[in-house]
K.L.:
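Structure incoming, see below.
The structure presented is a predicted model; accordingly, all values stated were derived computationally and were not measured. Whatever order the structure lists ligands and atoms in, that order sets their numbers, starting from 1.
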Amino acid sequence: MNTEKNKRIALITGASGGIGTSICKKLTDDGFIVVANYRNREKAEEWNDTMKADGYDLMLAKGDVADFESVEKLVAEAQEKAGGTIDVLVNNAGITKDGSFRKMTFEQWDSVLRTDLYSVFNCTRHVINGMLESGYGRIINVSSVNGQRGQFGQTNYSAAKAGIHGFTKSLAMETANKGITVNTISPGYIATEMVMAVPENIRQQIIAGIPVGRLGEPEEIAALVAYLASDAAGFVTGANFAINGGQHVY
Ligand code: CAA
């Protein structure tokens, strides 16, 4: 909390991606001080210029979420810039390196596990003490429909994304009586660069299997994140929210 401005502080990892951008905008609109994490300076500066042009003045913090020590520096920089400890952590950073298992290399497995799952440990580990001291926190972990149901070509990604919810459930139990909530959201196929990288013919088949009949919009994910980040969501913890247009119901 930045006590001078009386504003809560939110750290969003992987901020410059499609979903991350929408989350940054929505939480800023909702009155948070938003710290946007990035890894690649050039890309981040370009992104920040477009955010500024849209009227969003964010704080940027560099760090590789796959690297525990890098995250330590990232969190220190974020807290210093924002003027207080992190109240809301959105573990949003993620990558795909798809391939059928018989062709999957160790590098494809390792890099996806590090970026998509180890990152959740790395970032949460470095913010949790601040949350425990202040007696307040919101941790929102961005998983995927493909962590809930599996996907041809994604043994690495599905393993990481399924692992995230195991983490959520256990940490939610450890922190429930400390004012800290921990939740997972599991987006389906959202109109972002990541999904647009799926070959066109395969993407069309996927869309045909979504009962709502279209890809999701990043803003639809950001709206759910904003609810979970709010003071109003204090009784919601350990949950996994499917937001997939009916593609996977269970
Ligand atoms: N189900 C069943 N069989 C399938 C299949 C599927 N979905 N896709 C391919 N196959 C079959 C092919 O018909 C072919 O069969 P034969 O050998 O009998 O001819 C065989 O598998 C091809 O296997 P390959 O190992 O050669 O696969 P490939 O190199 O052609 O492509 C792939 C595999 C790269 C995984 C490709 O299928 C693909 O890109 N799939 C999409 C994966 C996907 O949905 N990724 C999501 C990215 S977005 C994201 O992850 C965000 C989120 O959270 C939702």
Side-chain angles (χ1 to χ4, degrees), residues 12-24 26 37 39 43 65-66 89-121 123 139-169 183-225 228 239-250:
I12 321 299
T13 70
S16 63
I19 292 177
T21 299
S22 285
I23 294 172
C24 288
K26 176 68 177 149
N37 153 250
R39 194 175 50 161
K43 191 183 167 204
V65 293
L89 169 66
V90 185
N91 282 311
N92 168 69
I95 58 167
T96 53
K97 289 198 177 174
D98 294 353
S100 56
F101 187 69
R102 67 195 172 98
K103 292 182 188 165
M104 188 168 288
T105 62
F106 179 75
E107 193 283 326
Q108 278 173 293
W109 168 262
D110 191 52
S111 58
V112 168
L113 266 288
R114 283 183 193 284
T115 303
D116 295 8
L117 182 60
Y118 278 48
S119 60
V120 175
F121 172 82
C123 297
I139 297 166
I140 300 147
N141 297 322
V142 181
S143 177
S144 165
V145 64
N146 293 343
Q148 296 180 295
R149 62 159 203 170
Q151 166 64 41
F152 188 104
Q154 287 198 310
T155 47
N156 51 359
Y157 186 82
S158 296
K161 293 296 187 179
I164 286 177
H165 191 52
F167 174 94
T168 291
K169 290 187 284 188
N183 290 289
T184 301
I185 65 166
S186 291
Y189 283 73
I190 311 301
T192 62
E193 267 178 37
M194 185 185 271
V195 168
M196 291 312 177
V198 174
E200 170 72 18
N201 61 329
I202 296 178
R203 200 171 62 249
Q204 289 311 329
Q205 281 170 24
I206 290 168
I207 295 171
I210 303 174
V212 169
R214 61 171 174 86
L215 296 174
E217 294 298 334
E219 294 74 20
E220 292 173 310
I221 305 303
L224 176 57
V225 170
L228 294 172
N240 187 358
F241 293 83
I243 175 161
N244 62 35
Q247 188 182 12
H248 177 60
V249 291
Y250 59 98

K.L.:
Going by side-chain contact (heavy atoms from CB on, under 4.5 Å), Ile185 matches just one of Val90, Val225, Ile164. Which one?
P.N.:
Val225

K.L.:
In a table with atom names and distances, give each donor-acceptor pair under 3.5 Å that connects a side chain of residues 190-201 to protein atoms at least two apart or in another chain.
P.N.:
residue	atom	partner	partner atom	Å
Thr192	OG1	Met194	N	3.4
Glu200	OE1	Arg203	NH2	2.4
Glu200	OE2	Gln204	NE2	2.9

K.L.:
Ignoring hydrogens and angles, tell me if any N or O in the side chain of Gln154 forms a donor-acceptor pair with the backbone of Gln151 under 3.5 Å.
P.N.:
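Answer holds: no.
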
K.L.:
Compare every heavy atom of Gly147 with every heavy atom of Ala162, then report the nearest pair and how far apart it is.
P.N.:
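Taking every non-hydrogen atom into account, CB-O, 3.4 Å.
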
K.L.:
Ignoring hydrogens and geometry, is there a side-chain-to-backbone donor-acceptor pair from Asn183 to Ile139 under 3.5 Å?
P.N.:
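Not confirmed, Asn183 side chain does not pair with Ile139 backbone.
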
K.L.:
Write out the protein residues near ligand 1, meaning a non-hydrogen atom under 4.0 Å from one of its atoms, in order of chain and number.
P.N.:
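Residues Thr96, Asp98, Ser100, Arg102, Lys103, Ser144, Asn146, Gln151, Phe152, Gly153, Gln154, Tyr157, Gly188, Tyr189, Met194, Val195, Val198, Pro199, Ile202, Ile206 each place a heavy atom under 4.0 Å from ligand 1, listed by chain and number.
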
K.L.:
Looking only at the side chains, is there a donor atom on one of Thr13 and Asn92 sitting less than 3.5 Å from an acceptor on the other?
P.N.:
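Thr13 vs Asn92: no donor-acceptor pair found between side chains.
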
